[in-house]
There are 2 protein chains.
Amino acid sequence: MSTRGSDRPLRADAQRNRQALLVKARELFESGEFFDLRFDDFARLAGVGTGTLYRHFPTREALAEAVYHEEVVALCDRARRLRATLPALEALATFLRDFVDYMHEHHGLARTVATLMTTGSETLAEGSRALEEAVTGLVAAAAEEGTVRGDVGAGAVMMALHGIGAAHDRPGWRAEADGVITLVLDGLVQGAQPSSPNDSPAR
Amino acid sequence: MSTRGSDRPLRADAQRNRQALLVKARELFESGEFFDLRFDDFARLAGVGTGTLYRHFPTREALAEAVYHEEVVALCDRARRLRATLPALEALATFLRDFVDYMHEHHGLARTVATLMTTGSETLAEGSRALEEAVTGLVAAAAEEGTVRGDVGAGAVMMALHGIGAAHDRPGWRAEADGVITLVLDGLVQGAQPSSPNDSPAR
DNA sequence: GATATAAGTGGAGACAATCTCCACTTTTGA
DNA sequence: TCAAAAGTGGAGATTGTCTCCACTTATATC
């Protein structure tokens, strides 16, 4: 997935170092220091030499991407779980609301997304795709159910989510993010073409 | 507005240099090279020494901000003009659609926004505020008219616009951006509370 | 448990971009 | 025309990034 072409398993000590780097990185993400730190200093903080740091993660972004990737996987799992246990529209609504919660708690993730956006990161694109697949599933299910329009793709929803993530430092972030979700959900429901002439209200 | 504390007017040659820098910057924005260039080289390209460049714009971001600011002013003017000449909802819709066009054409602006987002730029915040004021005007007018809900602020719309701007490099950008606008508009209309008594405010 | 070799380490120093400093030039206004 | 104030520009200091390789550690083999 990241960094190394070979597929031979890493030596034990290498694995330990790699893990130490990821753990420290995650810690600094949450505290928001990650992007302000000299990268060499980061190596010392994690208890490895600079050479080792650079071998495992050739750039700051590569490391950020690794952490980002784990977060996205968690998010996708959540989407799948919701989809399996709730009616389609409710699952979608819950996921979107939860997404805001998630961003609210994982402060660092938002900044990471914003940063990766400016670098044209391939992992970000891939992560987006994975997340998008999950969202597509939710949207498509709801569309099939007839509670949601079918003519606006999950891509648009993704874009709104990106906006929420990227604008994390705005003062009234939380309220505005909820507002965006409300608009998106209502916008989706609005255009629905139910099989029967009525419909079930959103949430 | 930017950079200098004093208020004495700039000397003639200084004004010329400053202008040259801005002109060149704008040019490189459009071509997309601005953020990939060595900053010192940029000075030579604009025909001034590095010292001069740094005195006028102490960082690359400061220069980006100056250009950004001009763009935002243009956008705000457009909003005001629309508001004066069209019915409220139509003005809002037109503005949002036009915004996408504008971003589509001014390729560089999108990247600038994305970059400034990651730096916590004060100018970006201020620009957002200005734009937001304009959008607030449009939304409020439409709300008063009764064609649009009143319980979701312009901040949410702004966030969606940020998302559109920041995600400028996504493959299907144009279509998705239009989708977002559709969702936002329909979401706004959806929750409208006409003078008649019914409806429930969505969260 | 000794040995060979492949894998990994870490930090000194090369490199590259940013930015400062100041001897010099240009403008201003008296 | 001249003095003071304002501005210039580029050589070189500074700072963060990254490479290189002499050394250490793990693994596989006997």
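Numbered from 1 within each chain, the chains take letters A, B, ... in sequence-line order.
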N or O in side chain of Asn17(B) less than 4.0 angstrom from dG7(D) OP1/OP2: no
Electrostatic pair Arg174(B)-Asp178(B), nearest N-O below 4.0 angstrom: yes
Rounded distance in Å - CZ (Phe57(B)) to C1' (dC19(C)): 16 Å
Length of the CD-P vector between Gln19(A) and dT9(C), whole Å: 13 Å
Separation of atom CG in Leu63(B) from atom P in dC19(C), rounded to whole Å: 13 Å
B/S/- contact track for nucleotides 15-30 of chain D, protein heavy atom under 4.0 Å: -SBBB-----BSS---
Phosphate contact (dG7(D) OP1 or OP2) by Thr52(B) side-chain N/O below 4.0 Å: no
Atom-to-atom span, NE2 of His56(B) to C1' of dG9(D) - whole angstrom: 12 Å
Length of the line joining Asp41(B):CG and dT18(C):P, which is rounded to integer Å: 9 Å
Pairing residues for Arg11(B) by the side-chain contact (heavy atoms from CB on, under 4.5 Å) criterion, not counting sequence neighbours: Asp13(B), Ala14(B)
Aromatic plane relationship, Phe29(B) with Phe35(B) - under 30° parallel, 30 to 60° tilted, over 60° perpendicular: perpendicular
Residues His107(A) and Ser31(A): side-chain donor-acceptor under 3.5 angstrom: no
Interatomic distance, Phe42(A) CZ vs dG11(C) P [rounded to whole Å]: 16 Å
Carboxylate-amine/guanidinium proximity below 4.0 Å for Glu65(A) and Arg60(A): no
Spacing between Arg18(B) atom CZ and dT27(C) atom P, to the nearest angstrom: 18 Å
Derivation of the side-chain contact (heavy atoms from CB on, under 4.5 Å) call for Met117(A) and Leu124(A): CA-CA 7 Å; Met117(A) 256 169 180; Leu124(A) 176 62; 3.9 Å; yes
